Amino acid sequence: MKKKVVALVLAAAMTFGLTACGGGGDSAGTDNASGAAAESADGGAESAEGGSEAGGEAAAAGNTYFDELQHLVVAFPTWTGAPADTQMVTDAVNEILREKYNIEVEFQISDSGSYNQTITLALSSGQQVDIMSTLFANYSNMVNQGYLMDLEEDGLFQTYGQGIQGVIDQKYIDACRVGGVLYGITNTRDYAVGRGCISVGTEFLDAIGYEAPADAEEIIPITEEELEDIFARLHAQFPDLEVYRPADNDLVQQTLVDQIGGNNFGVLLGSSDELKVVNLFETDEYMNFCKRVYNWNQLGYISKDAAADTTNVIVLVKEGVLMAYGTGGKPGSKVQESTGADKDMTIFQTREDYVSSSAVASYPWAIPISTANPEAAMVLMNELYTNPELADLIIYGIEGTHYEITEDGFLDANAGTSPDTFSTLNWLYPNQFASTVIVGNTADLWERTAQFNEEARQSPASGFAFDSTNIATEQTAVTNVYDEYRKSLEFGFVDPEVAIPEMLQKMNSAGLQKIIEEKQAQLDAWAASK
């Protein structure tokens, strides 16, 4: 039976001047996202092409777009998998969606370590997935494997995603194109990252007598030498605790490297404004990074099972066995890390704020080809970007149970009757700017985030999207070599003076230079077209 849909979806009134974390100067900061509401305009009764008939009478009946209930699967990761109260929150979400669209959702939530394998298995076997985050799943790989829909095919995005177009600036939408085709939509977040940031439990700093500068803001700039001194004192004071635990994304967060195409096989150095793709593994940047972590490992700062243990650093901090870990700096970092760790954290920063070329398109939200109904999936995606009520629900859970709203309008994620039984990654949600600002931040958090993006050092390749089709075989082969060495090198378990040359030789044999040349050729063509 053909399903009836309204030809025109909501035109979002939540038109943030923030334009997805970093729009042009005169458009920034005109609204506070937590106070904005998405307004709807009922569509007409015109026919929609592509196998779906319009149903104005369906829209009039309780704003229900579909005559038949649409069951949609939404997949995304968190650090630790599905929260305990996922079903409770799902039920609350579905109360809204069933009444408004006759849509219901099923959330498939995996932990960060298994998400790529889980989602790839689902898509390769043709299982229904209607909307997915590409975080940890490698957006370009998903595209190259043919798992994602062209969102503009048959006017899908233009017809059913109008609200998204009011939230995300067109230049950020275009940044997610691969080979000119739009396969995903970026989420609103901090595109800039404060590089070289370390989050340390404040209680441990107090114990060693550390005093923050009197004029310290939420992120404290320090030198690498000062950080080394802090770590040494922490280890001396707490010899039985792990000082630092590396994470898989430490290389990006702790260095000034621009991952062209979202990987390390040909990069731009953030210290240069040249569009020169270099071999990262031949640079001082990579050698010095590995040497520093190797030194920390030799000094006993890093647990001996760190490379094999997949426990998230936030969990280790909560358990009281870890004192520090790497993170990305941004407005709200201190509150974010303190909320996640359930204890006050101090954020230090040793490098610059930086916007990489692939920052916008690092992990877009997408509709897989295995969707049961592309129109329904786009209607739902549009709602995720434009509905503040859904934003708070899916990120933080149910008010009164998982959080409370303070008298001055902030969200207290540590209040409620069961605050520890539901939360997801707020920065991963399609439009976190639609959510209520967390207590401890200023009300202008989203405006400050936009300013942060604008003032950070920009990659000269910002907005460039790499198409890996021509080097897919080489990329797979080089990735296999990298996976063999990555953790032992970047977690400090082997001498980089020995292991890097050995890894580099195998990478070159696997085709690393061809990847670098392809990236340079596409980058040159992109620059010429501008």
Side-chain angles (χ1 to χ4, degrees), residues 136 138-141 144 175 178 191-197 246-293 326 328 350-363 456-472 474-487 489-490 496 499-501 503-508 510-527:
F136 304 124
N138 197 311
Y139 176 52
S140 62
N141 282 354
N144 290 335
V178 178
Y191 295 140
V193 176
R195 299 292 181 97
C197 283
D248 287 344
N249 57 350
D250 261 18
L251 178 61
V252 175
Q253 291 183 338
Q254 300 304 314
T255 63
L256 210 59
V257 167
D258 184 358
Q259 294 179 303
I260 297 295
N263 61 47
N264 296 316
F265 313 137
V267 303
L268 299 182
L269 293 181
S271 56
S272 171
D273 291 327
E274 290 186 85
L275 290 173
K276 173 66 175 176
V277 181
V278 301
N279 187 334
L280 171 66
F281 308 105
E282 293 178 338
T283 66
D284 290 340
E285 185 81 19
Y286 187 71
M287 178 63 76
N288 291 338
F289 166 78
C290 291
K291 281 184 174 180
R292 183 171 70 156
V293 182
T350 63
R351 306 295 292 269
E352 293 179 70
D353 298 333
Y354 187 69
V355 180
S356 69
S357 60
S358 59
V360 177
S362 294
Y363 41 89
R457 181 168 186 162
Q458 303 277 331
S459 166
S462 193
F464 169 71
F466 177 63
D467 182 358
S468 61
T469 303
N470 294 337
I471 45 82
E474 289 78 10
Q475 189 160 288
T476 298
V478 174
T479 298
N480 290 337
V481 175
Y482 188 38
D483 287 346
E484 178 185 348
Y485 287 90
R486 182 178 59 82
K487 278 199 169 183
L489 266 170
E490 296 172 15
I500 290 177
M503 176 183 70
L504 186 55
Q505 182 178 11
K506 292 184 179 181
M507 283 182 164
N508 286 333
L512 176 57
Q513 189 57 40
K514 183 177 179 181
I515 299 173
I516 293 172
E517 291 171 357
E518 178 67 19
K519 288 185 176 182
Q520 186 68 66
Q522 290 188 30
L523 189 59
D524 290 343
W526 171 81

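Positions are given from 1, in the same order as the sequence printed here. Because the structure is a prediction, the values reported are computed rather than measured. Atom set for the values below is all heavy atoms of this structure, side chains included, hydrogens, waters and symmetry mates excluded.
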Taking the side chain as every heavy atom from C-beta outward, state whether [X] and [Y] have any atom pair closer than 4.5 Å.
| X | Y | result |
| --- | --- | --- |
| Glu518 | Thr469 | no |
| Tyr286 | Thr255 | no |
| Asn263 | Val478 | no |
| Leu512 | Phe281 | yes |
| Leu268 | Val277 | yes |
| Asn279 | Asn508 | yes |

Separation between [atom1] of [X] and [atom2] of [Y], rounded to the nearest 0.5 Å:
| X | Y | atom1 | atom2 | value |
| --- | --- | --- | --- | --- |
| Gln513 | Ile515 | CD | CD1 | 10.0 Å |
| Thr479 | Asn138 | OG1 | CG | 8.0 Å |
| Phe136 | Asn249 | CZ | CG | 7.0 Å |
| Arg457 | Glu352 | CZ | CD | 5.0 Å |
| Thr283 | Asn288 | OG1 | CG | 8.5 Å |
| Ile500 | Met287 | CD1 | CE | 4.0 Å |

Gln520 versus Asp524, side-chain donor and acceptor atoms under 3.5 Å: yes
Identify the heavy atoms of [X] and [Y] that sit nearest to each other, and give their distance.
| X | Y | value |
| --- | --- | --- |
| Leu280 | Leu251 | CD2-CD2, 3.9 Å |
| Ser271 | Leu256 | N-CD2, 4.0 Å |
| Ala461 | Ser357 | O-CB, 3.1 Å |
| Tyr354 | Gln458 | CE1-C, 4.4 Å |
| Asp258 | Ser459 | OD2-OG, 2.5 Å |
| Ser140 | Gly261 | OG-O, 4.1 Å |

Step-by-step side chain to side chain contact (heavy atoms under 4.5 Å, CB included) determination, Val267 to Val278: CA-CA 5 Å; Val267 303; Val278 301; 3.9 Å; yes
Aromatic ring pairing Tyr482/Phe265, orientation class (parallel under 30°, perpendicular over 60°, tilted between): perpendicular
Worked check of side chain to side chain contact (heavy atoms under 4.5 Å, CB included) between Leu523 and Lys276: CA-CA 9 Å; Leu523 189 59; Lys276 173 66 175 176; over 6 Å; no
More than 12 heavy atoms from other groups under 6.0 Å of CD on Gln505: no
Electrostatic pair Asp284:Lys291 at N-O distance under 4.0 angstrom: no
Electrostatic pair Arg195:Glu285 at N-O distance under 4.0 angstrom: no
side-chain contact (heavy atoms from CB on, under 4.5 Å) involving Ser358 - partner list, sequence neighbours excluded: Ser356, Ser362
Qualifying residue, where the test is side-chain contact (heavy atoms from CB on, under 4.5 Å) with Gln254 and the options are Arg292, Glu490, Arg351: Arg292
Residue pair Gln475, Ile471: steps toward the side chain to side chain contact (heavy atoms under 4.5 Å, CB included) verdict: CA-CA 6 Å; Gln475 189 160 288; Ile471 45 82; 3.4 Å; yes
Check: Gly266 main-chain N/O paired with Lys519 side-chain donor or acceptor under 3.5 Å: yes
